[in-house]
Amino acid sequence: MPSGLLMMSTQEVERVTVIKQIVEKRLKQNAGAKLLKITTRQIRRLTKAYRRDGTKGLLSKRRGQPSNNRHDSGIKIQAKELVHQHYPDFGPTFASEKLSERHKIIVNKETLRQWMMEWDLWKAKRHKKVKAHQCRLRRACFGELIQIDGSHHDWFEGRSRKCCLLVFIDDATSRLVGLRFEEGETTAGYFKLVREYIEKHGRPLAFYSDKDGVFRVNMPDCEDAETQFGRAVREIGIESICANSPQAKGRVENANGTLQDRLVKEMRLRGISTIEEANAYLPEFMEDWDNRFAVEPRSSIEAHRKDLPDAKTLNLIFSFQYERKLSKNLELSYDNIIYQIKTTKPGYGLRHAAITVCEDLSGSITLLYKGRTLEYVCHKRQKRSPEIMSAKQLDKKLEQIKQYIPGPNHPWRQYAKITNPAT
């Protein structure tokens with residue numbers, strides 16, 4: 001092949017070869033037109049140009065010149081100023097969306113990617129090695145399987161304390177069906193979000209989670225034990241399934257990564273710095289997410305069940321329930337308080353009976369015996385025992401302790417004066 005053809009594309013090389021054969025009378029014009037998929041009139045024009053200028057006559061006259069479709073230099077300068085000022089840590093795709101939505105500057109994400117690499121705001125990523133994983137098809141129906149997880153992150157970028165975002169995503173459609181910010185990944189937080197979700201959409205067939213202590217009792221020889229969350233979803237008629245690996249619930253894991261990128265920056269642009277403000281903004285964000293990323297389910301049948309218990313029953317289901325035994329005086333102890341059953345009868349049948357203590361999310365106490373509510377009075381408060389706290393709540397508690405500053409008359413300060421008179 002001539003050295004001049006090395007800089008040509010495959011299409012251009014094929015064109016030169018065919019036209020050369022036509023000029024040398026080794027190929028008919030009609031046959032050449034079919035090979036190049038152009039008209040015979042165009043073949044005659046190219047043949048004339050080849051005879052006049054050789055191979056150079058078949059190349060575009062705009063070769064090596066700027067494209068007619070390039071952006072105006074003023075657009076590039078304006079985009080550079082806006083990206084440096086507002087979106088220096090945004091990815092090209094997200095930055096392109098924001099330029100279009102907020103500043104009416106339309107720049108393709110790949111064009112902006114090249115510009116951001118030129119401005120040292122983006123580095124080209126190396127391709128990861130391909131790993132083969134067993135493919136699992138999405139569920140067919142909306143509401144058939146809901147993947148749930150908690151994402152711990154510095155959501156407010158230092159403007160407030162770190163917290164946890166509880167995420168519910170539908171497996172069939174990738175719709176965000178539930179988001180809620182909480183101080184930590186707790187059973188109470190999941191109770192609130194599950195109730196919001198079922199009151200809006202209905203009861204799904206199953207929740208798919210990891211093996212965190214909220215969802216499963218992770219102790220030897222406790223396969224049949226239930227957590228408070230497991231008991232609540234069973235009573236409401238939802239199956240709880242635990243995944244064996246993060247990859248198994250990849251839908252919600254991938255969503256967590258995208259949320260930690262997009263949601264953090266959306267809240268920064270809006271000046272959101274508290275959990276209350278963030279929770280108020282989440283419905284708007286979820287709607288925008290669904291418009292961008294949701295897909296159509298394979299089946300038009302919705303799996304959600306719309307029948308729900310009444311509000312009083314829901315309060316009992318989404319409460320913390322513990323078993324206690326009554327004494328012969330019809331008393332039980334819960335959270336360092338003595339509860340005594342009120343009854344007009346002797347109450348012999350209630351002595352040593354198993355009672356279910358239900359504490360709802362507002363702190364109200366209900367005592368149940370065989371599904372029947374019992375009246376009671378609070379009789380006595382004992383000395384409070386040391387607080388028991390899960391590992392996930394430890395960081396929050398330590399932050400509270402660090403923020404405590406003893407007053408000027410605190411005994412600790414007086415002790416310091418006595419032991420160090422010079423101070």
Side-chain angles (χ1 to χ4, degrees), residues 1-132 258 261-262 265 291-293 295:
M1 182 180 294
S3 59
L5 301 183
L6 294 177
M7 302 300 294
M8 299 165 60
S9 67
T10 304
Q11 184 179 3
E12 290 172 332
V13 171
E14 183 180 3
R15 173 174 289 188
V16 170
T17 303
V18 171
I19 297 300
K20 184 177 180 181
Q21 290 176 353
I22 293 174
V23 170
E24 295 173 352
K25 306 297 183 179
R26 293 188 289 115
L27 188 67
K28 297 289 185 180
Q29 289 186 357
N30 289 338
K34 290 181 180 179
L35 288 174
L36 298 180
K37 298 180 181 179
I38 57 178
T39 64
T40 54
R41 182 175 179 272
Q42 183 74 348
I43 287 288
R44 289 193 292 272
R45 188 189 69 79
L46 293 175
T47 302
K48 184 178 179 181
Y50 182 79
R51 285 174 175 153
R52 184 182 65 245
D53 300 321
T55 302
K56 185 178 179 181
L58 302 182
L59 303 180
S60 172
K61 300 299 185 291
R62 295 200 55 80
R63 190 180 184 90
Q65 298 183 22
S67 170
N68 288 331
N69 296 324
R70 70 186 185 277
H71 286 281
D72 183 79
S73 58
I75 294 293
K76 184 176 180 180
I77 294 173
Q78 188 179 3
K80 181 178 181 180
E81 293 176 353
L82 291 171
V83 171
H84 273 86
Q85 182 178 358
H86 300 290
Y87 318 115
D89 59 342
F90 282 44
T93 302
F94 200 17
S96 175
E97 292 173 5
K98 291 295 125 182
L99 287 175
S100 173
E101 294 172 3
R102 297 166 63 92
H103 309 286
K104 309 305 179 185
I105 297 178
I106 310 298
V107 181
N108 183 271
K109 63 180 181 180
E110 295 304 328
T111 301
L112 188 60
R113 189 187 308 276
Q114 299 302 318
W115 290 357
M116 292 178 71
M117 287 192 288
E118 179 184 332
W119 304 332
D120 293 328
L121 294 179
W122 184 258
K123 291 184 179 180
K125 297 180 180 178
R126 299 178 62 183
H127 290 288
K128 296 181 180 179
K129 293 183 179 180
V130 178
K131 295 182 180 179
T258 306
D261 177 39
R262 285 178 171 256
K265 292 163 183 171
N291 292 334
R292 295 182 188 277
F293 303 119
V295 299

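Using a 4.5 Å heavy-atom cutoff, the side chains of Gln29 and Ile22 are in contact. Under the 4.5 Å side-chain criterion, counting only non-hydrogen atoms from C-beta, Val16 is not in contact with Glu12.
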Please output the side-chain donor-acceptor pairs of residues 77-87 that fall under 3.5 Å, not counting sequence neighbours, one pair per line with the distance.
unit_1, atom_1, unit_2, atom_2, d
His84, ND1, Lys80, O, 2.9
Tyr87, OH, Arg102, NE, 3.1
Tyr87, OH, His103, NE2, 2.8

Side-chain donor/acceptor pairs under 3.5 Å, residues 45-54, sequence neighbours excluded:
unit_1, atom_1, unit_2, atom_2, d
Arg45, NE, Gln42, OE1, 3.2
Thr47, OG1, Ile43, O, 2.7

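For the pair Lys98 and Phe90, the NZ or CZ position fails the cation-pi test of under 6.0 Å to the six-membered ring centre and within 45 degrees of the ring normal.
The side-chain contact (heavy atoms from CB on, under 4.5 Å) with Val18 is formed by just one residue from the set Ile38, Val23, Leu36; it is Leu36.
Pairing each heavy atom of Gly32 with each of Leu27, the nearest pair is CA-CD2, 3.9 Å.
Counting only distance, with no hydrogens or angles, the side chain of Ser100 and the backbone of Ile106 share no donor-acceptor pair below 3.5 Å. The backbone N or O of Pro92 sits nowhere less than 3.5 Å from a side-chain atom of Ser96 that would complete a donor-acceptor pair.
Rounding to the nearest 0.5 Å gives a distance of 12.0 Å between CZ of Arg292 and OG1 of Thr258. If you take CD on Glu97 and NZ on Lys109, they are separated by 8.5 Å, rounding to the nearest 0.5 Å. Taking NZ of Lys28 as the start and CG of Leu35 as the end, the distance is 14.5 Å to the nearest 0.5 Å.
Looking at residues two or more places apart in sequence or on another chain, you find no side-chain hydrogen bond (donor to acceptor under 3.5 Å, both in side chains) involving Glu14. Annotation: side-chain hydrogen bond (donor to acceptor under 3.5 Å, both in side chains) contacts of Lys76 (sequence neighbours excluded): Glu118. Looking at residues two or more places apart in sequence or on another chain, you find no side-chain hydrogen bond (donor to acceptor under 3.5 Å, both in side chains) involving Asn108. Checked against side-chain hydrogen bond (donor to acceptor under 3.5 Å, both in side chains), Gln114 has no partners two or more places apart in sequence or in another chain.
Using a 30° and 60° split on the angle between ring planes, Trp119 and Trp115 fall in the tilted class, from 30° to 60°.
Under a cut-off of 6.0 angstrom, the local environment of CD in Gln11 is sparse, with at most 12 non-hydrogen atoms contributed by other residues, nucleotides or ligands. Crowding of Arg41 atom CZ: a count of heavy atoms from other residues, nucleotides or ligands under 6.0 Å not exceeding 12.
A salt bridge links Arg113 with Glu110: the closest approach of a Lys/Arg side-chain nitrogen to an acidic carboxylate oxygen falls below 4.0 angstrom.
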